[in-house]
Amino acid sequence: MTNLPASITELTTDNLTALLSEYNPGVVVDKLDITEHAHCGDGLASTADRIGLKLQYREGTNRKGLPECMKLKTILLHRYLRFGMPMVIGTAKVVSSLEKIPLLGKLSGPTIFTLINIYQRYFPHAPEAMYRNEVNFYGKIRPELEIEAPACYASVINDRDGQFGILMEDLGLRSARFPNAVDGVSLNEMRSLIGNLAKLHARFWESPRLEGDLAWLPTTCEGGMFPVFDAIGLNIIRDQVAKNPFKQDLIKPLGKTVDELWEANWQSQRIIYRQPHTLLHGDTHIGNTYVLPDSSGGLLDFQLTVRGPWCHDLTYLLITGLDIELRQQHERELINLYRDALASHGVRNVPTEDEAFTLYRQSAVWGLVIGWLICPPQNYGETITAANIRKMVTAMIDLDSLGSLEG
């Protein structure tokens, strides 16, 4: 079993040799230089640490074309400081019990989630389910995909302590740009991102493998992060919105309470879940993409990879990636571009134009509720968080997304 570090000082040539040996037996790292470190929760790395590495390999060992520069994605936090699923479920039960006590009940929930937020500021991390999901994607699926996404050189998680490590391509070597909801992408860049997404979806469209060797993939309603959302998601969002007035102001035009938006989100999932399933990226906000100098675009961060309906991914990407006016002018054209790309990759039951647009309307609420109302502003900063919420809310109003869920 590879010993993975829980602090930057524990990162050694031995660690990296063992990690790389999972894919490249015989390779030996002789020298290690850390070129950068984006910390989990610092606004650059929201849910994991990203460490830039420059490696020197022992001469004559089995390097097999491994580059000198790469990125290590991991979490530099001891397992005893990370929330596990038992803690999440236990917290939900405590809050539920305390809420039944008169007077105390009204104060208990907000107090508990205030303490959780304080803890996360000092010890930021994500649930292990997200780390395990991404390790599995890079280890079991990425090698067979011909999409634009980072190359992977090793992908390991230890069952003993949940510590993980993914060694991947340093996209800076290809001069990649990493957009966000503030600067967005151009129309041509969005077209490329949609083409890449369609290639991913087409590869596993209604594939029997989703019930076979890929049955480990969670859905938005089962496995993976769903137990976390189901147990404490609504309380986290209530707390986030209560403590961040800018979130309150941004969702006000929808005329719905947090609880009503929460219910609308799961109503949306029940409706779109009946559509053909495929492999989804699962978290396609524009901050999880990159753009190369030739305007081609790729996908990053597969922590929330799931199996489910195509519209989950396309809707979130399109709304967060384009300026509002560009999205309003070109969304139908871009949805049709996606449909055409599916057909070109051999998908036979491509949704009709009207079906696709209806599903686009119905799936928008996920990106608002699970994407950004639940997300602490410190993960990406208030400016980017607000830009994503503003784009999602405007789109939901333009599309009458909540009205599309009725009946």
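All heavy atoms count here, side chains included; hydrogens, waters and symmetry mates do not. All residue numbers refer to positions in the sequence shown, counting from 1. Computed from a prediction, not measured in an experiment: that's the story for all the values here.
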Testing the basics here: between [X] and [Y], what is the closest heavy-atom pair and its distance to 0.1 Å?
X      : Y      : value
Gly26  : Ser21  : N-OG, 4.5 Å
Trp366 : Gly282 : NE1-O, 4.4 Å
Met70  : Met168 : CB-O, 3.3 Å
Pro179 : Tyr290 : CD-CA, 4.0 Å
Gly165 : Leu72  : CA-CD1, 4.1 Å

Side chain to side chain donor-acceptor pair (under 3.5 Å) against [X], all qualifying residues, sequence neighbours excluded:
X      : result
Asp323 : none
Asn136 : none
Ser363 : Thr315
Asn188 : Arg191

Is any side-chain heavy atom of [X] less than 4.5 Å from a side-chain heavy atom of [Y]?
X      : Y      : result
Met225 : Pro127 : yes
Thr305 : Leu280 : no
Thr278 : Glu206 : no
Cys152 : Ile166 : yes
Val156 : Val135 : no
Gln303 : Lys73  : yes
Tyr380 : Cys375 : yes
Asp161 : Asn158 : yes

All ring pair (Phe, Tyr, Trp, His ring centres under 6.0 Å) counterparts of Phe204, not counting sequence neighbours: none
What residues form a ring pair (Phe, Tyr, Trp, His ring centres under 6.0 Å) with Tyr153, not counting sequence neighbours? none
Keeping [X] on the side-chain end and [Y] on the backbone end, is there a donor-acceptor pair under 3.5 Å?
X      : Y      : result
Arg238 : Val241 : no
Thr219 : Cys221 : yes
Ser404 : Ser401 : yes

Spacing of [X] atom [atom1] and [Y] atom [atom2] [to the nearest 0.5 Å]:
X      : Y      : atom1 : atom2 : answer
Leu368 : Met396 : CG    : CE    : 5.5 Å
Leu66  : Glu68  : CG    : CD    : 11.0 Å
Leu173 : Cys69  : CG    : SG    : 5.5 Å
Arg142 : Ile147 : CZ    : CD1   : 5.5 Å

Quick note, side-chain hydrogen bond (donor to acceptor under 3.5 Å, both in side chains) partners involving residues 164-174, not counting sequence neighbours, are Glu148-Arg174, Glu169-Arg174
Atom [atom1] of residue position [X] - does it have more than 12 heavy atoms of other residues, nucleotides or ligands inside 6.0 Å?
X      : atom1 : value
Glu59  : CD    : no
Arg270 : CZ    : yes
Glu144 : CD    : yes
Glu222 : CD    : no

Check step by step if side-chain contact (heavy atoms from CB on, under 4.5 Å) holds for Glu263 and Asp259. CA-CA 6 Å; Glu263 177 51 39; Asp259 288 47; over 6 Å; no
What verdict does the side chain to side chain donor-acceptor pair (under 3.5 Å) test give for Gln269 and Thr220, after you've listed the backbone C-alpha separation in whole Å, the side-chain angles of each residue and the deciding distance to 0.1 Å? CA-CA 8 Å; Gln269 292 304 299; Thr220 56; 2.7 Å; yes
Walk me through whether Leu55 and Leu20 qualify under side-chain contact (heavy atoms from CB on, under 4.5 Å). CA-CA 11 Å; Leu55 308 179; Leu20 284 168; 4.1 Å; yes
Does anything in [range] form a ring pair (Phe, Tyr, Trp, His ring centres under 6.0 Å)? List the pairs, not counting sequence neighbours.
range            : result
residues 207-240 : Phe226-Trp266
residues 326-353 : His201-Tyr338, Trp310-Tyr338
residues 157-178 : Tyr131-Phe164

Step by step, work out the side-chain contact (heavy atoms from CB on, under 4.5 Å) result for Leu217 and Val306. CA-CA 6 Å; Leu217 281 163; Val306 293; over 6 Å; no
Under the salt bridge (charged side-chain N to carboxylate O under 4.0 Å, His left out) rule, what do Arg177 and Glu189 come out as? Steps first, then yes or no, please. CA-CA 11 Å; Arg177 176 173 67 87; Glu189 290 167 341; 2.8 Å; yes
Salt bridge (charged side-chain N to carboxylate O under 4.0 Å, His left out) contacts touching residues 382-393 (sequence neighbours left out): none
Taking atom types as modelled, find out whether Asp294 and Ser296 have a side-chain donor-acceptor pair closer than 3.5 angstrom. yes
Are Thr12 and Asn15 linked by a side-chain donor-acceptor pair shorter than 3.5 Å? yes
Scan Thr13, Thr17, Asp30 and name whichever one has a side chain to side chain donor-acceptor pair (under 3.5 Å) with Arg58. Asp30
Any residue meeting salt bridge (charged side-chain N to carboxylate O under 4.0 Å, His left out) with Asp249, in chain and number order, not counting sequence neighbours: Lys252
Determine the sole option in Asn288, Thr284, Asn388 for which the side-chain contact (heavy atoms from CB on, under 4.5 Å) test with Thr320 is passed. Asn388
Tell me whether the centres of the aromatic rings in His312 and Tyr360 are closer together than 6.0 Å. no
